[in-house]
Amino acid sequence: MSDPLLDDLNPQQLKAVTAGDGQILVLAGPGSGKTRVLTRRLVYLLDRKGVPAYDIIAVTFTNKAAREMEERVVTLMHGGTDGLWLGTFHAMCARLLRREAKALNLSPNFVIFDSDDQEALVKRAIRELNIDEKMHRPAGVHASISNAKNELYAPADMPVTSYRDEVVKRVYIRYQELLLANNAVDFDDLLFYATQLLRDNPSIRESYARRFRYVLVDEFQDTNLAQYELLKQLSSVHKNIFVVGDEDQSIYRWRGADYRNVLRFEKDFPDCQKILLEQNYRSTQTVLDAARGVIDENRNRTPKHLFTTRGEGSKIITYTAPDDIDEADFVVKEIQKKVNSNTAAPGDFAVMYRTNAQSRVIEEAFMRSAIPYQLIGAQRFYGRREVKDMIAFLRLVQNPDDEISLLRVLGVPPRGIGDKTIANIQAAAFKKDISAGEVLLDLGQKSDASPFWALIGRSAAIVADFGSLLEDWIALRDQVSLVTLFDRIIQDTGFEAYINDGTDEGADRWENVQELRRLAFDYQEKGITPFLESLALVSDQDTIRDAELNGTGRPARGTVTLLTLHAAKGLEFKQVFIIGLDEGLLPHSRSRDDPEEMAEERRLFYVGITRAKDQLYLLRAERRNSFGNWEYSEPSRFLDAIDPALVKHHGRASRSPREAQARDMIWDSYNPSPSRRVTLEPAPAAEQKYKETMRVRSENWGEGIVIESKMDTDGEEIVSVQFESVGIKRLIASLAKLEILK
DNA sequence: TCGCCAAGACTTTTT
DNA sequence: GTCTTGGCGA
């Protein structure tokens, strides 16, 4: 009998999907069908085990992942999914906090500050405390505060071991007060408050932990301490927790993520079931071999034996460009060539780099060509001034206490409110211990009868006008649709005439506002709060446009995707270019002195390599332009870990003979040292009968695929075979009577 | 109050 | 080399 839910799963996947209750740890290599397993598990619980959707919570890191899961679940399911909690950590926490706001010091209409707002607020705290901004950069202090929150330290509890800590702590305390006064939370607060809420309120914890009989988690290796605690609390009653992750793809250490949570999980739940997914459905053997060479140099990991049935595939193409401009040209020309000859479409390609700064040169090269491309990240859309302004208006309507937004839009468009007036408003607010927004609203209501009128001074009338506009909008908030409110704000402020000033840039800016308006359309029903929340929590990945369908129903040719290695996680492309394989860039110079960070750089490269399905390109440039002068670099050390036999070096483009010689040594005649090569070198070939990817049949277990074979010290050949029936078995070849199938 | 200009920073990755 | 920030003049 056929079963569409389970039939196409391999033995390991099946084991994971149909595992019983308890704690399940799935370690899933790249391309091993991680999302598929998670999705099927969810449907398995709902559809086969009859678990009500209401009893399940499933958490991901990006909205994109959550959306994909939801779409697939809906297609696979016959019943409904009402009541299911499915979303990102941050979104789930926001939901929890809005429901339980009264148990915290927040009102349910709190806003979520984005990173710019957070930094602005830190800056303000620093200034209030008369701390030297040059010595203690707001961005740096904010990063330290963020770390403290991820480690679950409340402001008062933050440990101090240095003078800098002391400064950070003082700022942290003030920053947190300011957030509360703004009725706002930052990204870390969402996790921090949620964890705190559950920890300190047994009855609330009980009710959620009782409700969520099943907890499912994606990208578990990227959880930080706060997230780990949260998961433990949510699953504290039923203890049915199913996590999927891969230590080798942990690349967010700097954000508090700790892949050792995988080890912690095994320690906290000694009875947990551990399942390895090792069959890769994405890449060619060549790509996997390169990836393995790179990652095998990291220690402290669960060894995995990734294998594929996709065959060897084409060699990795490497190219050393004389400079970064030529590096970019090579990428564009190569893509152009394949697109023109119809062997590939733009949507097949991705270009990946370590730092956002590298995207510029690449982008310029694409602009000179006719190839469509999309650049992911770096706040391309939401970071635009006109977009942020419109969002700030909406945020102010949602929450008049949001002073950051208030200050942002008070002079947009310019209406005669300057520093002096702003200071007066703030002073008036301080005097009455209310927010600046409330001062405005009072002025809007009572005009010159307001007690604040005299305090504001000359521009009181202008401020009162703005206050009454704000009051109108707030009144409209719950009566008209989101888009109507949006249009009304534009109309009342003359926003269009202000930004669309007749120049090309003006038209561009107006187009961005229209784009935001289109996004608002999707939230007509849900309203302003979910809209703003979704805007605050978009990740770069969420902005990726997949190749849309065109009118004919066939996939459009798509666009080349330009993105950082970080943003590439979880994605796949037929052809991948990784550029900037230079010492100092990948690995980044900031990681040079810390082995842990170096290991993370390596994982980052590993993530990049394993995005490729068919063809991988590795590029570097001998010199690149930074701040207006040339900087030279050596090839990345990570390249040494890739077996030269997997690589085809493309042309030579070196300018100076000396450099060319150095490069040739690395690429053409480089002979890796034995210690480095040990993991890649096949065992002595003499008696070895079986090789990776061979199909074999055993009397006991039927057909399978050889995933590894090596000679042990006794001269016995040890073969690991992935059997269709029972999964992976390690066998002694001479005893196992394996038949090789062609 | 606002726009212009010069000085300085900027480059790690982001929910 | 370019973008942001802060200071100054109109």
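These numbers were taken from a predicted model, which means no experiment stands behind them. Just so you know, these numbers use all the heavy atoms, side chains as well, and skip hydrogens, waters and symmetry mates.
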Subject >> Side-chain ion pair, A/Asp246 and A/Lys34, N-O less than 4.0 Å >> reply: no

**OP:** Before accepting this row, confirm whether a basic side-chain N of the pair A/Asp389/A/Arg509 lies closer than 4.0 Å to the acidic partner's carboxylate O.
**Re:** no

Would you please say whether a donor-acceptor pair under 3.5 Å links the side chains of [X] and [Y]?
X	Y	answer
A/Glu601	A/Ser591	yes
A/Glu247	A/Ser250	no
A/Glu100	A/Tyr208	yes

**OP:** Determine the Euclidean distance between corresponding C1' atoms of C/dG6 and B/dT11; express it in Å to zero decimal places.
**Re:** 23 Å

Subject >> Spacing of the C1' atoms in C/dT5 and B/dT12 (rounded, Å) >> reply: 23 Å

Contact class for [X] (heavy atom, under 4.0 Å): base, sugar-phosphate, or nothing?
X	value
A/Thr88	nothing
A/Arg415	sugar-phosphate
A/Ile417	sugar-phosphate
A/Phe89	nothing

**OP:** Considering non-hydrogen atoms only, spot the tightest contact between A/Leu84 and A/Arg95 and give its length.
**Re:** O-NH2, 4.2 Å

Subject >> A/Arg253 vs B/dT14: side-chain N/O to OP1/OP2 distance below 4.0 Å >> reply: no

**OP:** Considering just the side-chain nitrogens and oxygens of A/Thr62, establish if one lies under 4.0 Å of OP1 or OP2 belonging to B/dT15.
**Re:** no

Between [N] ([atom2]) and [X] ([atom1]): distance, integer Å:
X	N	atom1	atom2	result
A/Ile422	B/dT1	CD1	P	8 Å
A/Glu119	C/dT5	CD	C1'	13 Å
A/Gln227	B/dT14	CD	P	16 Å
A/His90	B/dT15	NE2	C1'	4 Å
A/Asp188	B/dT14	CG	P	16 Å
A/Asp186	B/dT14	CG	P	18 Å
A/Asn63	B/dT14	CG	P	16 Å
A/Arg384	C/dC3	CZ	P	11 Å

Original post:
What is the per-nucleotide protein-contact pattern of nucleotides 6-13 of chain B, from the 5' end, where B denotes a base atom under 4.0 Å from a protein heavy atom, S denotes such proximity for sugar-phosphate atoms only, and - denotes neither?
Top reply: ----BBBB

Original post:
Are A/Arg255 and A/Phe187 in a cation-pi setup, meaning NZ or CZ lies under 6.0 angstrom from the ring centre and within 45 degrees of the ring axis?
Top reply: no

Original post:
Choosing from B/dT15, B/dG3, C/dT2, which nucleotide comes nearest the side chain of A/Arg360?
Top reply: C/dT2

